[in-house]
Amino acid sequence: MIHMDNVSKAYSTGNPAVNEINLHIEKGEFVFIIGSSGAGKTTLFKLILKELEPSSGTITVAGQELNSMKRKQIPKFRRNIGVVFQDFRLLKDRSIYENIAFAQRVVETSSRRIRREVPQALSAVGLAERYRAYPSELSGGEQQRVALARALVNKPQLIMADEPTGNLDAQNAWEIMKMLEEINEQGTTVLVVTHNREIVDAMKKRVITLEDGRIVSDEKEGGYEHEA
Amino acid sequence: MKLNSLLYSFRQGLKNIHRNKFYSLASVATMIVCIFMFGVFSAVVVNVNHVVREAEKGVAVVAYFDEGITDEQIAKIGDTIRARDEVESATYVSPEEAWEEFAPIYFGTEDPELTEDLIQDFAADNPLANSASYEIYLKDVSKQDELVKALSEVEGIRRVDSNEVVADTLTNFNKLVGYLSIGIIVLLFAVAVFLISNTVAVGIAVRREEIGIMKLIGATDVFIRAPFVIEGMILGLVGSGIPLVLVLLLYKRLEAFIESQFGMLAGVISFVPAGRVFSYLVPVSLCIGVGIGFIGSMLTIRKHLKV
């Protein structure tokens with residue numbers, strides 16, 4: 001699903017944020033990426049989304065070579081990826097229903113499909129009843145579930161979550177993780193960038209640790225305890 | 001872009017306007033002033049042109065023939081003159097007609113009977129026997145010099161009289177009004193483009209987060225930009241529609257007023273009918289309005305919306 005070969009990304013000042021990374025994630029995997037802040041997690045995330053161009057090396061995501069991809073092809077490419085953020089990034093002036101429908105409108109889905117699939121996506125995250133509510137009326141955990149529903153509604157091959165539990169209490173964090181696991185079990189590749197030690201240790205998934213822009217460990221059933 | 005998405009973009013464009021009421025109002029107001037001025041200037045220019053054109057019809061070039069020329073040659077010269085592009089019409093004036101017209105001035109008398117007698121007395125010995133001529137009227141007075149030069153070279157023409165001062169004045173006045181209005185209008189349009197682009201910039205700033213999400217979800221450039229372009233075009237359309245109605249009302253009012261108050265000027269100043277002015281002013285103004293909206297929003301989008 002994701003193949004990075006000798007990928008480096010240097011900004012004009014300082015050390016490269018990502019340094020000679022080789023990373024291979026297969027279809028259907030569930031992968032955590034951990035590391036202290038400044039380790040290069042966000043840069044890696046942006047490289048995969050083609051928000052940034054690598055300084056060197058090649059990146060292939062969902063079978064598409066990003067280096068040679070033309071600007072015009074980027075939107076179509078991104079439709080393969082569902083993205084979830086720490087701060088939810090919901091549109092505050094629209095209802096929950098509209099927030100999810102928005103993701104479909106953007107990719108020009110027909111109204112009929114929107115009417116059918118938005119309730120499905122809301123049920124999947126357990127918020128079917130609350131479709132008329134606005135983000136400000138929901139708890140953090142609920143908002144993140146809406147964000148997850150939005151990421152899922154276009155049925156992406158890959159879900160990428162950047163600190164999805166960063167703003168949530170332990171119980172809500174677990175709920176979100178369980179949902180991501182379920183999504184993964186249905187065949188979607190999941191990539192989670194996180195600081196949450198407890199969750200990473202408990203989930204027993206593949207863990208890639210970044211430090212100073214390099215991969216320092218890549219464990220099949222890893223956790224923080226494996227750190228040197 | 002699908003119809004569905006177009007409708008969505010349209011709704012979002014309207015929403016942008018609604019959210020930025022203050023800026024939208026400011027740019028529509030500027031557009032109204034611009035198009036209003038444009039409409040007024042256009043109407044003035046059309047009417048001044050019309051009056052000048054009417055006045056031009058009275059400015060003639062007179063070509064006199066060589067002595068002893070035959071009627072046949074005169075007819076031939078007439079054909080040559082009429083064949084020229086700048087000539088509106090050419091009338092042959094015989095020596096008798098010339099004398100009839102000139103005699104009252106020459107004898108300086110107001111008594112028609114006395115004049116008639118004098119003309120009769122001189123008829124056999126017409127002092128203007130050699131003054132047969134063509135009175136030539138031009139389509140465009142500014143072409144007078146050219147015509148005079150060309151006519152001087154035609155065989156059989158002895159002399160060409162023209163009134164350069166009148167022709168020059170009319171031509172210059174026409175040009176002055178034209179340049180002045182173009183200058184002011186261009187300036188105003190620049191202001192309108194600036195304001196609309198600012199309004200759209202505010203809209204983009206307000207929607208930064210939404211645009212960011214759209215990009216990550218996989219919205220195409222067109223989809224992201226469309227609401228803003230539509231916003232600009234709606235502002236332009238509204239900003240040009242309103243002043244058109246105002247100018248039309250004003251025009252009709254003024255026309256009626258001048259007619260009722262200055263009836264005796266009817267022969268000198270005649271208004272171009274509103275229908276004729278507005279048949280081109282409406283499409284031109286609407287195109288300009290929508291065009292300014294389009295250009296204004298495009299400029300901003302290119303600057304602030306690197307998708």
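Labels below follow one simple rule: chain letters A, B, ... track the order of the sequence lines, proteins then strands, and each chain is numbered from 1.
Between A/K72 and B/D221, none of the side-chain N atoms (NZ, or NE/NH1/NH2) sits under 4.0 Å from a carboxylate O, so this pair counts as no salt bridge. Salt bridge absent: B/E210 and A/K92 never bring a charged side-chain N and a carboxylate O closer than 4.0 Å. Classification of B/K215 and A/E51 as a salt-bridged pair fails, no side-chain N sitting under 4.0 Å from a carboxylate O.
Proximity of a side-chain donor or acceptor of A/R79 to a complementary backbone N or O of B/G218 within less than 3.5 Å is detected.
No more than 12 heavy atoms of other residues, nucleotides or ligands lie within 6.0 Å of CZ in B/F294, so this atom counts as exposed by the packing criterion. Counting non-hydrogen atoms of neighbouring residues, nucleotides and ligands closer than 6.0 angstrom, the NZ atom of A/K155 exceeds 12 such neighbours. B/F41 CZ: more than 12 foreign heavy atoms inside a 6.0 Å radius. Around atom OH of A/Y131, no more than 12 heavy atoms belonging to other residues, nucleotides or ligands sit under 6.0 Å away. For B/F194, the CZ atom is loosely surrounded, since the number of other residues' heavy atoms within 6.0 Å does not exceed 12. The local environment of OH in B/Y23 is sparse, with at most 12 non-hydrogen atoms from other residues, nucleotides or ligands closer than 6.0 Å. In the displayed structure, B/K15 atom NZ is contacted under 6.0 Å by more than 12 heavy atoms of other residues, nucleotides or ligands.
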Do B/Y8 and A/E108 pass the side chain to side chain contact (heavy atoms under 4.5 Å, CB included) test, and can you show the C-alpha distance, the side-chain angles, and the key distance before you say yes or no? CA-CA 10 Å; B/Y8 178 77; A/E108 305 198 46; over 6 Å; no
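For residues 190-202 of chain B, every residue pair satisfying the side-chain hydrogen bond (donor to acceptor under 3.5 Å, both in side chains) rule, not counting sequence neighbours, is listed here: B/S27-B/T199.
One distance of note links CZ of A/R105 with CZ of B/F223; it measures 8.5 Å at 0.5 Å rounding. A distance of 7.0 Å separates CZ of A/R89 from CG of B/L216, quoted to the nearest 0.5 Å. The OG atom of A/S111 sits 3.5 Å away from atom CG of B/N4, with the distance rounded to the nearest 0.5 Å. With rounding to the nearest 0.5 Å, the separation of CD in B/E209 from CG in A/D87 is 7.0 Å.
Of all the listed residues (A/P75, A/G82, A/A103), the one sharing the greatest number of non-hydrogen pairs under 4.5 Å with chain B is A/P75. Comparing A/I81, A/L91, A/V107, A/T109 by how many heavy-atom pairs each has under 4.5 Å with chain B, the most go to A/L91.
No part of A/N80 comes within reach of chain B, as not one of its non-hydrogen atoms sits under 4.5 angstrom from that chain. Heavy-atom distances place the side chain of A/F85, and not its backbone, under 4.5 Å from chain B.
Proximity of B/T220 to A/K76: side-chain heavy atoms (C-beta onward) are nowhere separated by under 4.5 Å.
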